A.B. asks: 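If you scroll down you'll find the structure; I have some questions about it.
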Amino acid sequence: MIVLGIETSCDETAAAVVRNGKEILSSVISSQVELHKPYGGVVPELASREHLKKIEPIVQEAIDRAKINLEEIDAIAVTQGPGLIGSLVVGICFAKGLAFSLNKPFIGVNHIEGHIFSVVFDNPPIEYPALALVVSGGHTNLFFVPEPGKYKIVARTRDDAAGEAFDKVAKMLGLGYPGGPIIEKIALEGDPQKAKFTIPKISDGKPDFSFSGLKTAVARYIKEKGINPVTHGQEIPQEVKDLCAGFQLTAIRSLVEPMQRLALELKPKTLIVAGGVACNMLLRKESAKVAERIGVPIYFPSRHLSTDNAAMIAAAGTFHLERGERADFSITANPMMKLQNYEVEDETLRRNVRYRL
Ligand code: KG4
Ligand code: ZN
């Protein structure tokens, strides 16, 4: 089955052609980073206008690079949510129009499920149950996945997403956008022991995530030390390098600790870490230690499939299409789309997954 994937949920216009849910024939991503850079974050109105300009040429490029004709695709998979409504609408309308004109089936895909499917390309088949951490600019959730297509959130962020914290800290320090890769690079030359932060404690003891306290602690640190934002072309001061290292270490530990706690309790057969923040090498290293401790494999997407792309949407779409699922022309963008469709039935598991029942 050849599926055309379309992704426009945030600031990447992406299209990909994937065969049988596993083989990427093409994956084209047009990033809007330069457009949003001056604002230090994504401006929704600008994002949708840019998607509108790019969607047609990007889909055409994906078809051309896959060396197929449009008629050769079997179906279309498009991100339905969550995301920015104006951005999602562009992808959905385009997908609907194409599906109608080609008379091909199409399906709406949950963006978060797409991130989880991003590991299918470069890893052995997933053994279930799996535990999947999805960390991006908009989401930080840990899913228990008893079988493909079933999801139960077992830990979530109480406030900000992890990627958002990286972006905000970079903005405070005048380092540019998106913050994650910049902070990771600068942190390499810093000493985390020189700028120590504590891992947030969740008041009710649940293994959830939280990043707003850390963000505030960094803001306070910047003020107390009198650190000025780095200006263009200026050499990065050592204290900023240390701060980046200290922040990164605490942010990554805040992700890995709840993951370890739940991995020990739920005993999954596979760990998955996906989403933009999965590019971070410290996160990869620390979460690999968790996998080693419980003796299971851990799968990451390759770096270019960690951030938003359409290949992962095509892969998740293929899974649903192969099960006979289809969308009709009434589907609309769902900016708050949830990924949770499983209630734990097994008694032992029910006790273990008690946090979210
Ligand atoms: O998955 P993604 O492309 O978009 C969303 O769905 O949000 O994730 C983008 C996020 C941004 O917040 C970015 O700063 C973060 O992923 N990110 C990283 C790294 N690379 C990207 N965070 C930490 N370390 C990185 N190397
Ligand atoms: Zn994403």
Side-chain angles (χ1 to χ4, degrees), residues 5-14 16 27 29-33 36-37 39-42 44 47 51 78-84 87-88 91 109-119 132-141 143 157 160-173 175-188 190 209 211 214-215 244-245 247-256 272-287 300-313 315-316 335-337 339:
I6 296 177
E7 153 66 37
T8 62
S9 69
C10 190
D11 61 342
E12 261 98 23
T13 318
S27 175
I29 304 171
S30 166
S31 167
Q32 303 179 359
V33 163
H36 301 289
K37 223 173 212 165
Y39 309 95
V42 178
H51 284 308
V78 61
T79 305
Q80 191 179 359
L84 301 170
S87 296
L88 289 164
V109 171
N110 185 304
H111 180 81
I112 309 296
E113 185 176 31
H115 274 300
I116 295 175
F117 269 85
S118 67
V119 301
L133 177 68
V134 183
V135 245
S136 68
H139 315 276
T140 304
N141 285 320
F143 294 93
T157 179
D160 304 337
E164 193 185 341
F166 275 88
D167 296 337
K168 293 265 168 66
V169 168
K171 194 174 179 181
M172 285 185 234
L173 291 167
L175 297 173
Y177 172 83
I182 305 170
I183 289 187
E184 178 173 20
K185 193 160 167 247
I186 295 174
L188 289 174
F209 311 105
F211 295 95
L214 175 59
K215 216 173 57 189
C244 287
F247 159 75
Q248 175 177 250
L249 184 64
T250 315
I252 297 305
R253 287 197 173 152
S254 310
L255 285 169
V256 172
I272 293 168
V273 178
V277 185
C279 287
N280 188 284
M281 291 315 287
L282 188 64
L283 175 59
R284 289 186 178 222
K285 204 170 107 199
E286 293 298 314
S287 49
F300 305 98
S302 61
R303 284 170 75 106
H304 66 281
L305 292 173
S306 297
T307 46
D308 291 348
N309 64 86
M312 67 184 196
I313 302 301
M336 306 290 281
M337 197 174 185
L339 184 63

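Along the sequence shown, the residues carry numbers beginning at 1. Read the numbers this way: they start at 1 and go in the same order the structure lists the ligands and their atoms. Everything numeric in this text was worked out from a predicted model, so none of it was measured.
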A.B. asks: To the closest 0.5 Å, what do you measure between CZ (F211) and CZ (F166)?
C.D. replies: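 Answer rounded to 0.5 Å: 8.0 Å.
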A.B. asks: Please report the closest heavy-atom contact between N141 and T157, naming both atoms and the distance.
C.D. replies: OD1-N, 4.3 Å
A.B. asks: Examine C10 and say whether one of its N/O/S atoms is closer to the Zn ion (ligand 2) than 2.8 Å.
C.D. replies: no
A.B. asks: Of the side chain and backbone of H111, name the one, both, or neither that has a heavy atom under 4.0 Å from an atom of ligand 1.
C.D. replies: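 Just the side chain.
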A.B. asks: Answer yes or no: is there a side-chain heavy-atom contact under 4.5 Å between N309 and P301?
C.D. replies: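 Side chain of N309 against side chain of P301, heavy atoms only: no contact under 4.5 Å found.
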A.B. asks: Atom 15 (C) of ligand 1: which protein heavy atom is closest, and how many Å away?
C.D. replies: V277 CG2, 4.0 Å
A.B. asks: Is the shortest N/O to N/O distance between N280 and ligand 1 below 3.5 Å?
C.D. replies: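 In this structure, N280 places an N or O atom under 3.5 Å from an N or O of ligand 1.
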A.B. asks: Tell me if a side-chain donor or acceptor on Q32 pairs with a main-chain N or O of A47 at a distance below 3.5 Å.
C.D. replies: yes
A.B. asks: Do me a favour and list the nearest non-hydrogen protein atom to atom 2 (P) of ligand 1 with residue, atom name and distance?
C.D. replies: D308 OD1, 3.4 Å
A.B. asks: Mind listing the closest non-hydrogen atom pair of M312 and G114 along with its distance?
C.D. replies: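 The answer is CB-O, 3.1 Å.
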A.B. asks: May I ask you to check if ligand 1 and E12 share an N or O to N or O distance below 3.5 Å?
C.D. replies: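 Among all N and O atoms of E12, none is under 3.5 Å from an N or O of ligand 1.
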A.B. asks: Less than 3.5 Å between some nitrogen or oxygen of G180 and one of ligand 1, yes or no?
C.D. replies: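 Yes, G180 has an N/O under 3.5 Å of an N/O on ligand 1.
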A.B. asks: CD1/I29 to CG/L305 distance, rounded to the nearest 0.5 angstrom?
C.D. replies: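 Answer for the CD1-CG pair, I29 versus L305, is 7.0 Å.
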A.B. asks: Please list, in number order, the atoms of ligand 1 under 4.0 Å from a heavy atom of G137.
C.D. replies: 5 (C), 7 (O), 8 (O), 9 (C), 10 (C), 12 (O)
A.B. asks: Considering both backbone and side-chain atoms of R303, is one of its nitrogen or oxygen atoms within less than 3.5 Å of a nitrogen or oxygen in ligand 1?
C.D. replies: no
A.B. asks: I'd like the name of whichever of S136, A162, S118, S306 reaches closest to atom 5 (C) of ligand 1 through any heavy atom.
C.D. replies: S136
A.B. asks: Taking H36 for its side chain and P44 for its backbone only, find out whether a donor-acceptor pair lies under 3.5 Å.
C.D. replies: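 A pair under 3.5 Å: no.
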A.B. asks: Suppose we measure from atom 26 (N) of ligand 1 to each protein heavy atom; which comes out shortest, and what is that distance?
C.D. replies: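 Atom 26 (N) of ligand 1 sits closest to the protein heavy atom E184 OE1, 2.6 Å.
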A.B. asks: Do any N or O atoms from the side chain of D167 and from the backbone of P178 form a donor-acceptor pair under 3.5 angstrom?
C.D. replies: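 No, the answer is negative, given that no donor and acceptor are paired below the 3.5 Å cut-off.
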A.B. asks: In ligand 1, which numbered atoms sit nearer than 4.0 Å to a non-hydrogen atom of G276?
C.D. replies: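 That gives atoms 1 (O), 2 (P), 8 (O), 16 (O), 17 (N), 18 (C), 19 (C), 20 (N), 21 (C) of ligand 1.
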A.B. asks: Can you name the nearest heavy-atom pair linking V277 to L283, along with the distance?
C.D. replies: O-CD2, 3.7 Å
A.B. asks: If you count the atoms of ligand 1 from 1 in the order shown, which ones are under 4.0 Å from a heavy atom of G138?
C.D. replies: 7 (O)
A.B. asks: What pairs of residues pass the side-chain hydrogen bond (donor to acceptor under 3.5 Å, both in side chains) test when at least one of them lies in residues 176-188, not counting sequence neighbours?
C.D. replies: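 Listed once each, the pairs are D11-Y177.
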A.B. asks: Of all N, O or S atoms in D308, identify the one at the shortest distance from the Zn ion (ligand 2).
C.D. replies: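 Going by distance to the Zn ion (ligand 2), the closest N, O or S atom in D308 is OD1.
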A.B. asks: Can you tell me if CZ on R284 sees more than 12 non-hydrogen neighbours from other groups inside 6.0 Å?
C.D. replies: yes
A.B. asks: What atoms of ligand 1 come within less than 4.0 Å of a heavy atom belonging to C279?
C.D. replies: 20 (N), 26 (N)
A.B. asks: Considering only heavy atoms, does H115 approach ligand 1 within less than 4.0 Å through its side chain, its backbone, both, or neither?
C.D. replies: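 Looking at H115 and ligand 1, just side chain atoms fall under 4.0 Å.
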A.B. asks: Does T13 reach the main-chain N or O of T8 with its side chain, forming a donor-acceptor pair under 3.5 Å?
C.D. replies: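 Answer holds: no.
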A.B. asks: Do any nitrogen or oxygen atoms of F166 lie less than 3.5 angstrom from nitrogen or oxygen atoms of ligand 1?
C.D. replies: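 N/O-N/O distance under 3.5 Å: no.
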A.B. asks: Under 4.0 Å from any heavy atom of T307, which atoms of ligand 1 are there?
C.D. replies: 3 (O)
A.B. asks: In the protein, what heavy atom is nearest to atom 13 (C) of ligand 1, and what distance, to one decimal place, separates them?
C.D. replies: D167 OD1, 3.7 Å
A.B. asks: Strictly under 2.8 Å, is the Zn ion (ligand 2) approached by any N, O or S atom of H115?
C.D. replies: yes
